[in-house]
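Notes follow the structure.
Letters go in sequence order (proteins before strands), and every chain restarts at 1.
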Amino acid sequence: MLEISQLQASVEEKNILKGLNLTVKPGEVHAIMGPNGAGKSTLGYVLSGREGYEVDSGSVTFNGQDLLDMEPEERAREGLFLAFQYPTEIPGVSNLEFMKAAVDAKRKANGEEELSSADFLKKAKAACAQVNLPLAFLKRGVNEGFSGGEKKRNEIMQMLLLEPKVCILDESDSGLDIDALKVVAEGVNSQRDDSRSFIVVTHYQRLLDYIKPDFVHVLSEGKIVRSGDASLAHELESAGYAWLETYSEDGEA
Amino acid sequence: MNAWFENALNRAVSSVEQASDALSSLKAASLAQLQQTPWPTRKTEAWKYTSLKALENCHFDSSQPAALAESQQFTRLQALDGLNIIIQDGHIQTDISALKVPTGMTINTLSQLGEVPSWVAEHFGQAKPQKHIFGLVNDVLANDVIVIDVVAEANINTPIKILHQASEGKEGQSRVLVRLGEKAKAAIVEVFMADSNSSFTNGFSEYFIAPNAKLEHYRFQLQSQKAMSAGGCHFSLQSKAKLNSTFVGFGSELSRTDIDILHKGEFADAKLNAVYLVDGNEQFDLHSTIEHEVPNCTSLENVRGIAGGKGKATFNGRIHIHRDAQKTLAELNNRNLLLTDTAQINTKPELEIYADDVRCAHGATVAQLDDASLYYLRSRGVSKEHALVMLNYGFINALVDEMSNEALSEWLRPILQQRFAEMGE
Amino acid sequence: MTDQIESALNREYEAGFISEIESETFAPGLDEDVVRRISAMKNEPEWMLEWRLKAFQIWQKMEEPDWAHVDYPKIDYQAISYYSAPKSMADKPKSLDEVDPALLETYEKLGIPLYEQQMLAGVAVDAVFDSVSVVTTFKEKLEEAGVIFCPISEAVHKYPDLVKKYLGKVVPQHDNYFAALNCAVFTDGSFVYIPKGTRCPMELSTYFRINEQNTGQFERTLIVADEGSYVSYLEGCTAPQRDENQLHAAVVELVALDNAEIKYSTVQNWYPGDEEGKGGIYNFVTKRGICHTNAKISWTQVETGSAVTWKYPSCILKGDNSIGEFYSVALTRGKQQADTGTKMVHLGKNTKSTIISKGISAGRSNNSYRGLVQMHSTAQGARNFTQCDSLLIGDQCGAHTFPYVESRNPSAIVEHEATTSKVSDEQMFLCLQRGLDPEKAVSMIVNGFCKEVFKELPMEFAVEAGKLLEISLEGSVG
């Protein structure tokens, strides 16, 4: 489904990703862990096509297509979803209007009819309820004045509405208390099935107690330096990331 | 001297010669002042950023209106709740006497009234400062005056819509005078529309709001491209009077609006939301002045502008706190978006303060749309073009949302969206 | 409470004394001949005279500007004397020992001792008295570093190439009415050149003193910071207390070449006139700098004097990544009028400007900020931030803000904010309740209001500026 091969990318001429390889098959949940500055957020931005994140070499295929050749909105319509670590506030543009435009754009791209306002509202209300956000949030400006937890839940709500194929959750647990964390995790778990895949980017193992990964990868200095199953996350939790230094030295030796 | 102004002066002279009503001395005074007023150039501070060149060599017909040709939007606007007064090319088309005017309110035209009521003679030209050259022109050349009087304590729920249309080759001079009695409530909607051809509309209106009265006011100047416009609306507020006004202006070869709010009685409260949008080779120029002459009044002004294409938008917002106006609360906020390399924004928020115990602030920003917002929308599958329209719209949406007449805001939204879609091109 | 605040601000003008010095002064009047005579007094080369005459012709065709928010009687340019110099200076004293002791005493009284050993170690001073420079200190020490710091009249002779290359290039002769007049009749001022890659070893300072009656002062300052150099320059001004208004029309030009930085600080304390508005200096000044690539010009001004101030120190941000700053405190009281601010003209990419203006109005004064921020279409990624705050003391004064913002580049960001406030009764009460006397309380509150600007001043001047606001408070609260 998603095939990342030897991906090198830079921001402001600084090399961040240095040859990253990752294959995600339908239905799999991959956790990417790593210390601050490892390039975790950059991966999400590069995959979703943010301006300023330059791909220097390597390839990414998504459902057999060249992902890197697509505009950000084409990637989204193709089924790639990034839950932002710091969701952007857009005063004046209502959440509802925004999501309707996004869902319509996707349906149109798939040759489907646009949803009627009433049908969409029904879906939106259900999604809102599922992530435990008051309905009034649909009318408010996108993330405008939302608390950190509300923003994260709003991201998950968008995910529920857009029904993507691959979801990248960028530190969706940061800044959340345990209850909010559970809401986020439940939202994600409700979407897990044989066809939908997740890339869960996180610094801590905590989120992975609630979203059980099939694979755990350690990202360090722009590369995946170690991969394993869920137990690797626990290992990291107890050992921390300090071992990475010796590890990479060994690796190069 | 240019052809248009020369012609206007000639018309003004003969108009004053023929006038014999109670307003004739006022008109003569305005003419005398007009004759002393040099035609503004870019060296005239009030016209620093706006050239009058487009108007200077125009010859328009103002003698009679063209046949009424309505756009779909204009028809829909009439269907909204409220009374309609249609002004085509400066000529009142509606049979005012046939209107079903709510109790507590009278609507007349000066020509119908025959004799000028004394209150009209007393108020005419008193809210509109004499500094506006097109206002002086309008004093003398307005064909007629729509006179609306709301008696004390009348609570009028029916919006009065004064709807202007302009057609190719025509010049329309219109004038409105409104008085709200004590504790009265009313809503007045002024809409100006035109096709894209060359025309000129010069519409001025004056509002006198008595103590404790409340006016809800809208003015949409939606002429664009070659349909030029000048004009203004001017408000005089007595004690505890309340004004809530929303202004929307599109640019054209020449678009200029002057808004004056005069606080004449204590504890009056004015709120003005204004939006201007320019595109192509258009220009738009909004000058607002809020005069705090007495203590304890408040004014809040929110102005947002977007310039695309090769458009030029200008805003001059003056707040003047007089010596006696202690305990004034006045705020002005102006935000602008510049969409292209060729568009320009000029803004000048001014404070002139002569009282110490006041709270005044203004802020102005000019920037472009936020890249992060654009990316966020696109990352959800919204196309760049659509995202730009949404963001532009979002930039002014809060002001449209604040309109209390929802039917009117629903009518306006698609027009704005259409405008944004064109600006994105 | 307001009365206490007001009386706290009434102050004596300490620099108001008159020095009894015999001067050679031109008879009042201005024509081509006067321009020629000024040039002759300075023994100027022909090119300099031609330049003056051209400016004079331009000036004659110009009209005095009237757009500022100030009101003063029409100036009779024929009633002013355009040159005055102490007679003792005619012999061009070679050292301080040859300078008339009365002159030295004048500066001593103003707190500016001209003997190097008595001076603040890090400051070199050019002392200008009416139309001539009396002395420039630490010249030799500066020469060692290759820094030129001398009266401009001397620079015309000694460094004609530099003067020709830069004079009038930032503020051209036709720039405005007062600048054109200055170009025609300027008498003295300072010239500074900092060579490539040099950090000027000491602060440079010019102290301007108007003494003679009915005399205008038209000084001209030119500072050129060559590539990669740095200089901090301070300027101070005072004048005696006289009943007549006197005209001061100066021009300051700054050139910051690639990677250079100029910090220009002014403490302006010209005689402001009395409480009734009688007398005082008309301070009509044109100050402008040009920044080349990566260069920075920072203007800091504390304006407490002058009857009328008309002054807009500006930056032309021509080079990419260049930076312009303007920090201003303007205090007006009595019947003073100030119309001051800045222009930031953004031409280069990623240019940045910051404007912080603090206006304090008291008495029956009027204090206006007038500014222009211009983002040209070439100014990709440029940024401006402007903050204008006004403090009103008493209900007979005025505080005004006239900012012009013009943007033609979508990637440029301009932010302007202005607020106005008063010294609140609550603030005063708190201070008094904590045992401060009213004078100290007002001075603390006003100083706090100005803090952002004061911190930009070089140490020596920060002290002087603080004192200026404080002098006002001495013994004036009953």
Side-chain angles (χ1 to χ4, degrees), chain B residues 43-45 48-49 295 305-308 310 312-328 330-371, chain C residues 2 5-6 66-67 69 359 361-362 364 366-425:
Chain B
K43 284 186 178 157
T44 314
E45 181 64 22
K48 185 177 166 68
Y49 296 108
I306 305 181
K310 292 179 185 162
K312 175 160 74 172
T314 300
F315 172 64
N316 190 119
R318 178 164 183 254
I319 296 175
H320 182 186
I321 314 291
H322 295 241
R323 183 77 69 218
D324 291 333
Q326 294 293 5
K327 306 277 179 200
T328 289
E331 267 181 45
L332 185 160
N333 189 316
N334 175 229
R335 290 173 57 191
N336 298 281
L337 280 185
L338 209 43
L339 300 185
T340 64
D341 289 342
T342 43
Q344 42 174 311
I345 297 269
N346 305 300
T347 173
K348 184 180 163 211
E350 288 178 54
L351 284 172
E352 210 173 325
I353 301 174
Y354 296 93
D356 61 336
D357 192 7
V358 297
R359 272 180 34 218
C360 297
H362 70 213
T365 59
V366 185
Q368 65 182 347
L369 283 173
D370 178 28
D371 279 342
Chain C
T2 310
I5 297 169
E6 263 180 54
D66 61 356
W67 41 259
H69 196 280
S361 327
R364 283 168 291 169
N366 271 296
N367 198 327
S368 304
Y369 167 81
R370 186 180 302 276
L372 169 68
V373 174
Q374 218 171 38
M375 296 293 183
H376 285 253
S377 52
T378 46
Q380 285 293 113
R383 285 219 60 160
N384 159 265
F385 176 75
T386 302
Q387 174 80 47
C388 296
D389 296 321
S390 306
L391 188 68
L392 289 100
I393 298 171
D395 58 1
Q396 297 299 309
C397 54
H400 320 301
T401 316
F402 305 103
Y404 294 72
V405 175
E406 303 174 4
S407 181
R408 287 161 170 260
N409 192 306
S411 67
I413 299 176
V414 187
E415 283 176 273
H416 169 95
E417 282 170 24
T419 65
T420 180
S421 56
K422 62 180 267 188
V423 176
S424 74
D425 289 354

Item to check | Which atoms of Ala412(C) approach chain B - backbone, side chain, both or neither, heavy atom under 4.5 Å | outcome: backbone

Checklist entry - Does some side-chain heavy atom of Asn366(C) sit less than 4.5 Å from a side-chain heavy atom of Tyr354(B)? => result yes

Next on the checklist: For Tyr49(B), which atoms come within 4.5 Å of any heavy atom of chain C: side chain, backbone, both, or neither?
Outcome noted: side chain

Item to check | Side chain to side chain, His69(C) and Phe402(C), heavy atoms closer than 4.5 Å | outcome: yes

Item to check | Nearest-0.5 Å distance that lies between atom CG in Asp341(B) and atom CD in Gln380(C) | outcome: 6.0 Å

Checklist entry - Is there a side-chain contact between Asn346(B) and Gln344(B) (heavy atoms, below 4.5 Å)? => result yes

Item to check | Partner chain C: residue of Pro349(B), Gly363(B), Ala355(B) with the largest heavy-atom pair count (under 4.5 Å) | outcome: Pro349(B)

Checklist entry - Would you call His400(C) and Ser390(C) a side-chain contact if the rule is heavy atoms closer than 4.5 Å? => result no

Checklist outcome for this item: Greatest number of non-hydrogen atom pairs under 4.5 angstrom with chain B, of Gly371(C), Cys397(C), Ser377(C), falls to Cys397(C)

Checklist entry - Mind checking whether Asn316(B) and Glu350(B) have side chains closer than 4.5 Å, heavy atoms only? => result yes

Next on the checklist: I'd like to know if Arg359(B) pairs up with Glu331(B) as an ion pair, taking the criterion as any Lys NZ or Arg NE/NH1/NH2 lying under 4.0 Å from an Asp or Glu carboxylate oxygen.
Outcome noted: no

Checklist entry - Rounded to the nearest 0.5 Å, what separation is found between the CZ atom of Arg364(C) and the CD atom of Gln396(C)? => result 8.0 Å

Next on the checklist: Does any backbone or side-chain atom of Thr340(B) lie under 4.5 Å from a heavy atom of chain C? Answer side chain, backbone, both or neither.
Outcome noted: backbone

Item to check | Between Asn367(C), Thr419(C), Asn384(C), the one whose heavy-atom pairs under 4.5 Å with chain B are most numerous | outcome: Thr419(C)

Checklist entry - Does anything in residues 317-328 of chain B get under 4.5 Å of chain C by heavy atoms, and if so which residues? => result Arg323(B), Gln326(B)

Item to check | Side-chain touch Thr401(C)/His362(B), heavy atoms, less than 4.5 angstrom | outcome: yes

Checklist outcome for this item: Highest number of heavy-atom pairs under 4.5 Å with chain C among Ile353(B), Ile345(B), Thr314(B) belongs to Ile353(B)

Checklist entry - Sub-3.5 Å donor-acceptor pair from the side chain of Asn336(B) to the main-chain atoms of Ile306(B), do we have one? => result no

Checklist entry - Under a 4.5 Å heavy-atom cut-off, does chain C meet the side chain of Lys312(B), its backbone, both or neither? => result neither

